[in-house]
Amino acid sequence: MKRFIPETRAVNVVKRFTCDELAELLTAYLEDALDQPSRDGVRAHLSCCEGCGRYFDQFRTTIKVLGDQPPEKLSAPVRDRLMSAFRNRNRHHHDPDRRS
Amino acid sequence: MSQRSTGGGAIVGSFEGGGLPPDDIVVGALRDGDEAMFAALLDTWSRGMLRVARSYVSTDHSAEEVVQDTWLAVIDGIDAFEGRASVKTWVFRILVNTAKKRGVRESRTLPWSAFERDGDVFADLGAAAQGARVDGASGWPTPEGEALAAEVRVLIAEALGRLPPRQRVVITLRDVEGCTSDEVCEILEISAANQRVLLHRARTAVRGWLADYYESVKQPE
Ligand SMILES: [Zn+2]
């Protein structure tokens with residue numbers, strides 16, 4: 001209804017968070033699970049608080065580093081055993097004496 | 001990422017290089033005894049399955065047995081698979097149930113239980129997270145050097161091992177294996193809010209440990 005005037009404080013439009021509150025919201029923020037006022041509040045806080053900005057960067061770096069774990073696989077004997085179990089299932093499956 | 005709101009649409013996008021076809025094709029191929037398809041699933045999902053299993057059991061050997069038993073159950077159950085969840089969700093649910101049972105059995109026979117450690121880790125986490133937030137004024141070095149990156153990988157693996165099991169399994173599925181939050185909620189049968197809380201606590205703890213590490217390797221200026 002009202003036109004937005006830059007000098008007016010946007011009451012109830014942008015939530016204000018303390019640094020501790022902000023830290024608790026980062027995953028929800030990254031998951032896009034916050035409502036509009038909270039999301040704007042997080043953005044506003046991050047844009048003017050150097051400490052939380054850095055914390056947020058570290059948080060995101062942590063997520064990135066987590067995705068960089070070396071690949072691992074089943075040992076060859078287990079993999080072979082499973083492949084032959086699958087093969088055997090198939091053999092039983094097409095065995096006319098065995099109803100499934 | 002997924003174009004489909006139901007079924008196995010997310011399956012393809014969730015794992016890097018996961019060029020798996022849609023669920024109906026996967027299921028059809030398995031029922032027809034298509035070995036290449038079974039091998040593709042084995043090689044795409046076993047990695048994540050091993051990591052998830054390790055959240056519940058105490059040794060690499062147990063984890064591998066859990067994964068093996070899961071695949072045997074999948075082989076037995078594929079004809080009865082109803083397609084109410086995606087194939088991936090179905091497989092990972094079998095995995096989690098198998099791993100939980102095994103974990104409970106182990107906790108009865110071992111002098112300690114991974115599940116009893118939840119308490120201390122929280123105390124730990126408080127100190128790490130708070131300390132790092134208070135005096136963590138410095139930025140982190142970019143892990144350019146291979147040596148540093150390798151050390152960080154080891155640290156992350158250890159960090160995962162220190163997390164309480166529920167946090168560990170969520171962060172493993174989400175951040176290590178790249179599952180979507182919908183997939184994780186379905187696999188673990190938890191709410192989105194619960195998933196987010198567990199994920200957030202886990203990330204906060206790991207960030208704290210990483211901060212401690214970077215602090216310890218920082219070059220004096
Ligand atoms: Zn702040």
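Chain naming here is simple, since letters A, B, ... match the order of the sequence lines and numbering starts at 1 in each. Since the structure is predicted, the reported quantities are computational estimates derived from the model, not experimental observations.
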key: Per-residue contact mode, A/Glu31 against chain B (heavy atom under 4.5 angstrom)   =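 Just its side chain gets close to chain B.
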Region of A/Glu24 that comes under 4.5 Å of a non-hydrogen atom in chain B =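 Answer is both: backbone and side chain atoms of A/Glu24 are under 4.5 Å from chain B.
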query = Which region of B/Leu42, side chain (C-beta onward) or backbone (N, CA, C, O), has a non-hydrogen atom less than 4.5 Å from a non-hydrogen atom of chain A, or is it both or neither?
reply =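 Just its side chain gets close to chain A.
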key: chain A contact via B/Ile171 - side chain, backbone, both or neither, heavy atoms under 4.5 Å   =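 The side chain, not the backbone.
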So how far is it from [X] [atom1] to [Y] [atom2], rounded to the nearest 0.5 Å?
{"X": "A/Ile63", "Y": "B/Arg174", "atom1": "CD1", "atom2": "CZ", "value": "8.5 Å"}
{"X": "B/Glu177", "Y": "A/Leu66", "atom1": "CD", "atom2": "CG", "value": "11.0 Å"}
{"X": "B/Asp175", "Y": "A/Thr62", "atom1": "CG", "atom2": "OG1", "value": "9.5 Å"}
{"X": "B/Ile75", "Y": "A/Leu82", "atom1": "CD1", "atom2": "CG", "value": "5.5 Å"}

List the atom of [X], the atom of [Y], and the distance in Å for their closest heavy-atom pair.
{"X": "A/Arg79", "Y": "B/Ala39", "answer": "NH2-CB, 3.6 Å"}
{"X": "A/Ala28", "Y": "B/Arg196", "answer": "CA-CD, 3.8 Å"}
{"X": "B/Thr204", "Y": "A/Tyr55", "answer": "CG2-OH, 3.7 Å"}

Heavy-atom check, side chain of [X] versus side chain of [Y], under 4.5 Å:
{"X": "B/Asp79", "Y": "A/Arg89", "value": "yes"}
{"X": "B/Arg203", "Y": "A/Leu30", "value": "yes"}
{"X": "A/Arg87", "Y": "B/Phe38", "value": "no"}

query = More than 12 foreign heavy atoms under 6.0 Å from CD of A/Glu50: is that the case here?
reply =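 12 or below, so no.
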ask   = Are the aromatic rings of A/Tyr29 and B/His200 close, with centres under 6.0 Å apart?
value =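 Judged by ring-centre distance (under 6.0 Å), A/Tyr29 and B/His200 do not meet the cut-off.
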ask   = Looking at B/Leu199, B/Leu72, B/Leu210, B/Asp43, which has the largest count of heavy-atom pairs under 4.5 Å with chain A?
value =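 Ranked by heavy-atom pairs under 4.5 Å with chain A, first place is B/Asp43.
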message = Quick check against the 3.5 Å criterion: does B/Glu64 have a side-chain atom that pairs as donor or acceptor with the backbone of A/Ser75?
response =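 Checked: pair present.
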Presence of salt bridge, B/Arg153 and A/Asp68, under 4.0 angstrom =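 Looking at A/Asp68 and B/Arg153, the cut-off is met.
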